Structures are given as C-alpha cells and as structure tokens.
Amino acid sequence: GLWKDDKQEGIWEFYYENGSISAKIYFKNNKQDGLSIHYYNNGNVSEKANWENGNLNGEAEEFYYNGSIKRKTKWVNGKKLTEQVFDSIP
C-alpha cells in the first residue's frame, strides 16, 4: 500500500511468515473502502467484506477453513441488516 499525506491509500497486502497472503485491504483517505479479503494460511478465503468510507456496506461472507460458507451478513453504513449462519461441511 501507499502512504499519502500520512494516510493509507490503495491496496494493502499482508502476508503470513511462510509468504502466503493473509489479507488484501483497500484504503481510501485512511479508511477501508472497497472489497477486503482475508485468507487462511492454506490459501482459502476466510472472509470477504465490502467497505465504504470505513463502514461495512453491502454483503460480507465468512468461510470455514475448508472453504465452505460459514456466515453471510448484509450491512448498510456499518449496521447489520441480516445474517445467515451455515453449518460446516466436512
């Protein structure tokens, strides 16, 4: 990512010690803005969420380590509207 006027900007990528990616987070004017994706150390996605001006906005999804869906939530300006929870599939 970039620092612009002491503020985080653009895509920031974070990595595990083994070199695999742990997160991709977009920033605009020092606030999360856009799609953020977090990963387990096996490379599977653990969480995806849309952000707008530092607030969750839109759909967010969480996943089990095996990749199956764990939870879906819908957000508007940082307030949770709906939530669905799913059982783990081995």
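For this chain, numbers begin at 1 and follow the sequence in order. This one's a predicted model, so the numbers in the text were calculated from it and none came from an experiment.
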Apply ring-ring contact (aromatic ring centres under 6.0 Å, His included) to Tyr40 and list each qualifying residue two or more places apart in sequence or on a separate chain. Tyr65
Inter-residue atom distance Lys28.NZ - Asn53.CG, 0.5 Å rounding: 8.5 Å
Does any N or O in the side chain of Glu9 come within less than 3.5 Å of the main-chain N or O of Asn29, such that one atom is a donor and the other an acceptor? yes
Could you work out the complete set of other residues in the hydrophobic cluster of Ile25, with links drawn between I, L, V, M, F, W and Y side chains under 4.5 Å apart? Trp3, Trp12, Phe14, Phe27
Locate the shortest heavy-atom distance separating Val76 from Leu81; write the atom from each residue and the value. CG2-CD1, 3.3 Å
Gap between atom CG of Asn44 and atom OG of Ser20 - 0.5 Å precision: 11.0 Å
If I take atom CG from residue Asp33 and atom CD from residue Gln8, how far apart are they, to the nearest 0.5 angstrom? 12.5 Å
For Asp5, look at atom CG and say whether over 12 heavy atoms of other residues, nucleotides or ligands are found less than 6.0 Å away. no
Do you know which two heavy atoms are closest between Ile21 and Tyr39, and how far apart they sit? O-CB, 3.4 Å
So which atom in Ile69 and which in Lys72 form the shortest heavy-atom distance, rounded to 0.1 Å? CD1-CG, 4.0 Å
CD (Glu62) and NE2 (His38) are apart, to the nearest 0.5 Å, by 10.5 Å
Say you draw a straight line from CD of Glu61 to CD of Glu47; how long is it, rounded to the nearest 0.5 Å? 10.5 Å
same_hphob_cluster(Trp75, Leu35) at 4.5 Å side-chain heavy-atom cutoff: no
Beyond-backbone contact of Val85 with Lys70, side-chain heavy atoms, under 4.5 angstrom: no
Any donor-acceptor N/O pair, Tyr26 side chain to Trp51 backbone, under 3.5 Å: no
